[in-house]
Novice: 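My questions will all concern the structure given below.
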Number of protein chains: 2
Amino acid sequence: MEEIYKELQRLGFSQYECKAYIGLLKHHPITGYEISKRTGVPRSMIYEVVGKLVEKGAVYIVPSEPVTYSPLPARELIARQRRQFEQSFDYLEKELAAMESEREVDVIKRIDGDELVIAEMKELIGNAKAELWLSIWEPQVPFIQTQIDGCCDEGIDVFTVLFGKAETRVGNTYHHDYMSPEVAEERMGGRLTIAARDVEEVLIGNFALGKSAWAVKTRDPALVLVAMEYIRHDIMFAEVTKELGPEKVEALWRTRPDLYHVVTGKRFK
Amino acid sequence: MEEIYKELQRLGFSQYECKAYIGLLKHHPITGYEISKRTGVPRSMIYEVVGKLVEKGAVYIVPSEPVTYSPLPARELIARQRRQFEQSFDYLEKELAAMESEREVDVIKRIDGDELVIAEMKELIGNAKAELWLSIWEPQVPFIQTQIDGCCDEGIDVFTVLFGKAETRVGNTYHHDYMSPEVAEERMGGRLTIAARDVEEVLIGNFALGKSAWAVKTRDPALVLVAMEYIRHDIMFAEVTKELGPEKVEALWRTRPDLYHVVTGKRFK
DNA sequence: TTATAGTAAGTATAATACTAACTACTAAAG
DNA sequence: CTTTAGTAGTTAGTATTATACTTACTATAA
């Protein structure tokens, strides 16, 4: 119920307007007095509130004695709002795009918050034209799966290093099993996540457990290249591991504890 | 420009947020101080304002010294908002429809304001399933033309009495030329406009020049029938006029000035 | 006299919008 | 070598508006 109020308020209705409208949906036509009784909106406010709803076209006046009110059917209200917002979107898309200046290539943008980071990843993946390099962790996969499948369908080359279950497949998938995920996480100070597309743009993020995710995004050619090569080396190493067997690789690491263990503590703030 | 602000504000941005975002679109990346300078948003507010934009994902932080900001490209901002609102709409459509009670047949709903009356007409026309009877005036035609064309394409019978140019065609169109539009307008106290569909629902409206339009809408079978028959008689009379010639009909009227002239003054309040 | 229908006046709160005055740093001009 | 102007940002306080909430009042009809 609260959820419904929240969504309606995003469309420009006040709390009282929501209550009055939903009250009317449930029973109509009724007087202002009765809307107030049923919904808990104060009697002294109800005529102002329904007045606004009438102006917006969400409620009809039924000319009876005394005057009663009837709601616009829910489907039609939503359909109207949808049309109006679509118009706004079309208009704004055109107008805003027109006044936009060129983007700088060498800026590095920071993004904070799980949802926003995911949104940026989806966008970057959706913008891929020829190739896509990913280094991702199982828990994030469901959020971006559909975008990636879209890429695969368009014939875009997708190469993924995945920290997670062997069954999960995301494009050409290589499982990062020459080093345990725990060690990788410790080394990086979190779950390092990378998405690079078309040697043009890269997002480097960190999903630390319990903390809010963050990421940086850039078109700086040097950074894009480093991130891409990093993933490619990971993939080549996975291939080597497959060839030699994990034991030999493991042994190789053990002779170099300085490389195997965390060196500088947390690498990210 | 004002228009753009208004539309953006409907999407949940404050005046200052609009200014800051648009300022950033025009030039980026820049510091908060410079956004303030360019947009007129007070320096003392700018960090709170861009902070909100960053939270909403509409602006990136560019980690430089000093910190600068960069906007999410307009297309992507709009695309995101579109997705979010679509979700809201889908959710609300389902939830609200679920709690809606049956509509009463015999209520008469009143609608005030040009835009709302037009919106209701469009909806009624769009809901037609088998037949549609219209009595409309030229100036309203462009607003509802597309809906009517939709009906014609679906094979719905559309009968229209039109007060307006002979060239304008709206379904099966009959031009109301046995009485001058001026006289008709005087008789009715405005431009009486009717739309009836499927012997089920009718809208009776009045577009008076210079004043705000109003209408009533009902499913009361008696009213629907009266309105429909009224239009049908008009059409039959137009046919008679075509047969006899306008002169004879004119002469017929002249012998009955009580019918020809306004009887009760303004018929509508 | 009780329930219905509606109005008037006033308060509380939060979000937004606006102003003034302050610190701190840098770079150029006198 | 200080003064001035510009950049960058903070703190505090006010005005305005929209929304939310009370209390108290007038009618009227069963």
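Proteins come first, then strands; the chains are lettered A, B, ... in the order of their sequence lines, and each starts at number 1.
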Novice: For A:Gly57 versus A:Arg80, what's the shortest heavy-atom pair and its separation?
Specialist: O-NH1, 3.4 Å

Novice: Starting at NZ of A:Lys19 and ending at C1' of D:dC21, how long is that distance when rounded to a whole Å?
Specialist: 11 Å

Novice: Tell me the salt bridge (Lys or Arg N to Asp or Glu O under 4.0 Å) pairs involving residues 204-221 of chain B, sequence neighbours left out?
Specialist: B:Glu120-B:Lys217, B:Glu200-B:Arg219, B:Glu201-B:Lys217, B:Glu201-B:Arg219

Novice: Between B:Asp114 and B:Ala213 (side chain of the first, backbone of the second, donor and acceptor by atom type, cut-off under 3.5 Å), is there such a pair?
Specialist: yes

Novice: A:Phe13 CZ to D:dA20 P: how many Å, rounded?
Specialist: 13 Å

Novice: Return the value, rounded to whole Å, for the distance between atom NZ of A:Lys56 and atom P of D:dA18.
Specialist: 12 Å

Novice: Between which nucleotides of DNA chain C, 5' to 3', does chain B make heavy-atom contacts below 4.0 Å?
Specialist: C:dT16 to C:dA20

Novice: With sequence neighbours excluded, what pairs up with A:Phe85 under the ring pair (Phe, Tyr, Trp, His ring centres under 6.0 Å) test?
Specialist: B:Phe85, B:Phe89

Novice: Does a side-chain N or O from A:Tyr16 land closer than 4.0 Å to OP1 or OP2 of D:dC21, or not?
Specialist: yes

Novice: Atom CD of A:Gln9 to atom P of D:dA18: distance rounded to whole Å?
Specialist: 16 Å

Novice: Is B:Ser101 reaching over with its side chain to a backbone N or O of A:Leu25, donor-acceptor style, under 3.5 angstrom?
Specialist: yes

Novice: Whether the A:His28 and A:Ser70 side chains hold a donor-acceptor pair (N or O, under 3.5 Å, no angle test) is what I'd like checked.
Specialist: yes

Novice: Which atoms of nucleotides 8-14 of chain D (N or O only) lie under 3.5 Å from a protein N or O atom, and what are those distances?
Specialist:
from, atom 1, to, atom 2, distance (Å)
D:dA8, OP2, B:Thr31, OG1, 3.4
D:dG9, OP2, B:Tyr47, OH, 2.5
D:dG9, O5', B:Tyr47, OH, 2.9
D:dG9, N7, B:Arg43, NE, 3.2
D:dG9, O6, B:Arg43, NE, 3.4
D:dG9, O6, B:Arg43, NH2, 3.0

Novice: Report which part of the nucleic acid B:Lys52 touches: base, sugar-phosphate, or nothing (heavy-atom distance under 4.0 Å, all strands).
Specialist: sugar-phosphate

Novice: Listing request: all salt bridge (Lys or Arg N to Asp or Glu O under 4.0 Å) pairs with a residue in residues 53-68 of chain B, at least two apart in sequence or in separate chains.
Specialist: B:Glu17-B:Lys56

Novice: Please enumerate all residues that pass side chain to side chain contact (heavy atoms under 4.5 Å, CB included) together with B:Thr193, with sequence neighbours excluded.
Specialist: B:Met121, B:Ile136, B:Trp137, B:Phe207

